[in-house]
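Structure record follows, encoded as structure tokens.
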Amino acid sequence: MSTCLVCNRSASVTSFAEWDYAVDCSFCGRYIISNGGKDYLDDSPYIKHKVKILMRERKINELKPIALFKEHPADSKPHINFSIVVIDELISTFPKNISDRLNRSLKNIASSSVYPGDKLSFTEDHLSLIFTQSLAENEAFFLLNQLISDGLITGHAGYPAELVVTVKGWNKIAELEEHDVVNDKQVFVAMMFKDEVEEAYECGIKEAITKTGFTPIRIDKKEHNNKIDDEIIAEIKRSKFVIADFTGHRGGVYFEAGFAMGLGKSVIWTCREDDLEDLHFDTRQYSHIVWKDPDDLREKLINRIRATI
């Protein structure tokens with residue numbers, strides 16, 4: 001036994017080729033982390049804090065193991081059979097507003113309960129169930145107090161405590177899940193419809209979507225008799241998540257990405273390298289996949305989808 005390189009709890013840690021580490025942690029799950037990724041987390045306590053919460057959520061939701069890197073490796077890593085994820089890309093999935101942080105914290109508490117009505121014995125080890133941005137415990141207690149005030153859980157904000165998700169809380173989770181997933185496999189693709197990016201769609205985006213077990217929908221490739229705007233809105237609502245490629249900077253792509261965000265759906269942002277500098281300032285804050293060619297786009301998209309969806 002050794003120490004988890006994310007949460008610092010006891011874990012199985014094995015070092016192997018090229019200074020990478022394989023970790024099996026009861027809180028963070030199985031993962032690989034590069035030496036550069038390890039140093040990045042050690043030097044960035046707030047980033048490490050967020051990674052700890054996201055890895056705990058991945059473990060709870062039984063998502064596939066990933067390999068954490070500071071940057072995309074320049075060379076292939078044949079000894080790594082997990083999807084390689086840049087740490088900053090993982091951090092981009094951390095909820096950005098307090099409503100989403102409360103909702104995902106509630107889901108974590110419910111998923112950690114054995115059954116509806118079960119009492120979760122909340123201790124210091126459970127603080128990573130709460131989506132806090134700071135290292136301060138009182139932020140976690142503030143969010144717990146809000147969930148209690150909203151009638152979603154019972155108990156008190158502290159530890160040790162016994163937390164129970166109420167009927168109202170379970171109904172809230174059911175609403176969130178119904179809202180999040182309409183068609184579990186459909187992915188809406190928003191992009192410019194021109195020959196110059198057709199190969200990027202067919203060999204990059206479409207292949208990445210199908211190889212990760214999803215089905216793409218691009219509105220210009222669908223037969224329908226409805227108004228195009230109505231059809232776009234309907235298909236985004238039906239989709240699990242959206243891939244928005246901003247190459248060419250079409251206004252419709254900005255609208256479709258914004259509409260999906262308004263629905264609370266995940267958006268994966270992409271842009272061709274030579275078009276990146278023209279991104280609108282409102283969207284620059286999001287972590288874009290910057291691609292050079294369709295092959296580059298495909299591989300980066302596969303990793304992002306497996307890491308974040």
When you check the side-chain N and O atoms of Thr247 and Arg272, is any donor under 3.5 Å from an acceptor? no
Lys/Arg N to Asp/Glu carboxylate O, Glu175 vs Lys172, below 4.0 Å: no
Please assess Phe69 against Tyr40 for the test ring-ring contact (aromatic ring centres under 6.0 Å, His included), listing each intermediate value before the final yes or no. CA-CA 9 Å; Phe69 276 68; Tyr40 183 42; over 10 Å; no
Is Ile53 linked to Leu102 within one hydrophobic cluster, defined over Ile, Leu, Val, Met, Phe, Trp and Tyr using a side-chain heavy-atom separation of less than 4.5 Å? no
Taking 4.0 angstrom as the limit, do Glu299 and Arg304 come out as a salt bridge? no
What's the verdict on side chain to side chain contact (heavy atoms under 4.5 Å, CB included) for Glu162 and Phe122, showing C-alpha distance, side-chain angles and the deciding distance? CA-CA 6 Å; Glu162 290 187 335; Phe122 192 83; over 6 Å; no
Starting at CG of Leu143, measure out to CD1 of Ile109 and round the result to the nearest 0.5 Å. 9.5 Å
Just checking, is any N or O donor in the side chain of Ser239 or Gln186 under 3.5 Å from an acceptor N or O on the other one? yes
Pairing donors with acceptors under 3.5 angstrom, does anything connect the side chains of His49 and Thr132? yes
Would Trp269 and Asp245 count as having a side-chain donor-acceptor pair, cut-off 3.5 Å? no
Determine the minimum heavy-atom distance between Gly151 and Thr166, stating which atoms define it. O-OG1, 2.6 Å
Note, Val242 side chain near Val189 side chain (heavy atom, < 4.5 Å): no
Single-linkage hydrophobic cluster Leu106~Phe142, side-chain heavy atoms < 4.5 angstrom: yes
Donor-acceptor under 3.5 Å (Arg58 side chain, Lys64 main chain): yes
Does Asp293 have any side chain to side chain contact (heavy atoms under 4.5 Å, CB included) partners at least two apart in sequence or in another chain, and if so, which? Asp295, Asp296
When hydrophobic residues are tied together by side-chain contacts of less than 4.5 Å, even through go-betweens, does Val13 share a cluster with Ile33? yes
Which heavy-atom pair separates Ala161 from Gly158 by the least distance, and what is that distance? CB-O, 3.4 Å
Show your reasoning for whether side chain to side chain contact (heavy atoms under 4.5 Å, CB included) applies to Ile60 and Ser112. CA-CA 7 Å; Ile60 290 171; Ser112 300; 3.9 Å; yes
Looking only at heavy atoms, the pair that brings Gly117 and Trp170 closest together is N-NE1, 4.2 Å
His249 side chain to Asp275 backbone, donor-acceptor under 3.5 Å: yes
Separation between SG of Cys25 and NZ of Lys59, rounded to the nearest 0.5 Å: 8.5 Å
Salt-bridge test for Lys48 and Asp42: reply yes if a basic N is under 4.0 Å from a carboxylate O, no otherwise. yes
Does Phe131 reach the side chain of Leu54, with side-chain heavy atoms less than 4.5 Å apart? yes
When you group the ILVMFWY residues by side-chain heavy-atom contacts below 4.5 Å and let the links chain together, are Ile305 and Ile217 in the same group? yes
Ion pair check, Glu198 and Arg218, cut-off under 4.0 Å: yes
Any donor-acceptor N or O pair under 3.5 Å, side chains Tyr159, Glu137: yes
Any donor-acceptor pair under 3.5 Å linking the side chain of Lys50 with the backbone of Gln133? no
Stepwise salt bridge (Lys or Arg N to Asp or Glu O under 4.0 Å) test for Arg9 and Asp125: CA-CA 10 Å; Arg9 295 182 175 89; Asp125 282 340; 3.4 Å; yes
Decide yes or no for Phe188 and Ile232: does some side-chain heavy atom of the first lie under 4.5 Å from some side-chain heavy atom of the second? yes
Is there a side chain to side chain contact (heavy atoms under 4.5 Å, CB included) between His126 and Arg56? Walk through the geometry before answering. CA-CA 10 Å; His126 292 93; Arg56 183 76 178 272; 4.1 Å; yes
Minimum side-chain heavy-atom gap Asn303-Ile66 below 4.5 Å: no
If we ignore hydrogens and angles and just use 3.5 Å, is the side chain of Ser44 paired with the main-chain N or O of Ile47 as donor and acceptor? no
Distance col, row Ile236:CD1 vs Glu256:CD, nearest 0.5 angstrom, shows 5.0 Å
For Ala157 and Leu144, which heavy atoms make the closest approach, and how far apart are they? CB-CB, 4.0 Å
Under 3.5 Å, which donor-acceptor pairs link side chains of residues 91-99 to any protein atom two or more places apart or in another chain?
from	atom 1	to	atom 2	distance (Å)
Ser92	OG	Glu89	O	2.5
Thr93	OG1	Leu90	O	2.6
Lys96	NZ	Ser92	O	2.7
Asn97	OD1	Ser99	N	3.2
Asn97	OD1	Asp100	N	2.8
Asn97	ND2	Asp100	OD2	3.2

Pro45 versus Leu135, closest heavy-atom pair with distance: O-CD2, 4.0 Å
Mind checking whether Tyr31 and Tyr21 have ring centres under 6.0 Å apart? no
If I take atom CD1 from residue Ile302 and atom OG1 from residue Thr212, how far apart are they, to the nearest 0.5 angstrom? 7.0 Å
Tell me the closest heavy-atom pair linking Lys300 and Ile289, and the distance in Å. CB-CG2, 3.7 Å
Any link between Val86 and Met55 through a network of hydrophobic side chains (Ile, Leu, Val, Met, Phe, Trp, Tyr) touching at under 4.5 Å? no
In the structure I gave you, are the side-chain heavy atoms of Val253 and Arg250 within less than 4.5 Å of one another anywhere? yes
Do you see a donor-acceptor pair shorter than 3.5 Å between the side chains of Asn8 and Thr3? no
The residue among Arg104, Lys107, Lys52 that forms salt bridge (charged side-chain N to carboxylate O under 4.0 Å, His left out) with Glu57 is Arg104
Could you give the distance from CG (Asn103) to CG (Leu176), rounded to the nearest 0.5 Å? 4.5 Å
Would Glu139 and Arg101 satisfy salt bridge (Lys or Arg N to Asp or Glu O under 4.0 Å), going step by step from the backbone distance to the final call? CA-CA 12 Å; Glu139 184 186 358; Arg101 287 164 56 202; 2.3 Å; yes
Residue pair Leu301 / Ile209, side-chain heavy-atom distance below 4.5 Å: no
Does atom CZ (Phe193) have a neighbourhood of more than 12 heavy atoms from anything else shown, all under 6.0 Å? yes
State, yes or no, whether a side-chain contact exists between Pro116 and Val165 at a heavy-atom distance under 4.5 Å. no
Begin from the C-alpha positions of Ile87 and Val51 and carry the test side chain to side chain contact (heavy atoms under 4.5 Å, CB included) through to its verdict. CA-CA 8 Å; Ile87 290 171; Val51 170; 3.9 Å; yes
To the closest 0.5 Å, what do you measure between OG (Ser111) and CG (Leu120)? 11.0 Å
Do Leu68 and Ile32 have side chains that get closer than 4.5 Å, going by heavy atoms? no
Tell me, yes or no, whether the heavy-atom count around Lys206 atom NZ, taken from other residues, nucleotides or ligands under 6.0 Å, exceeds 12. no
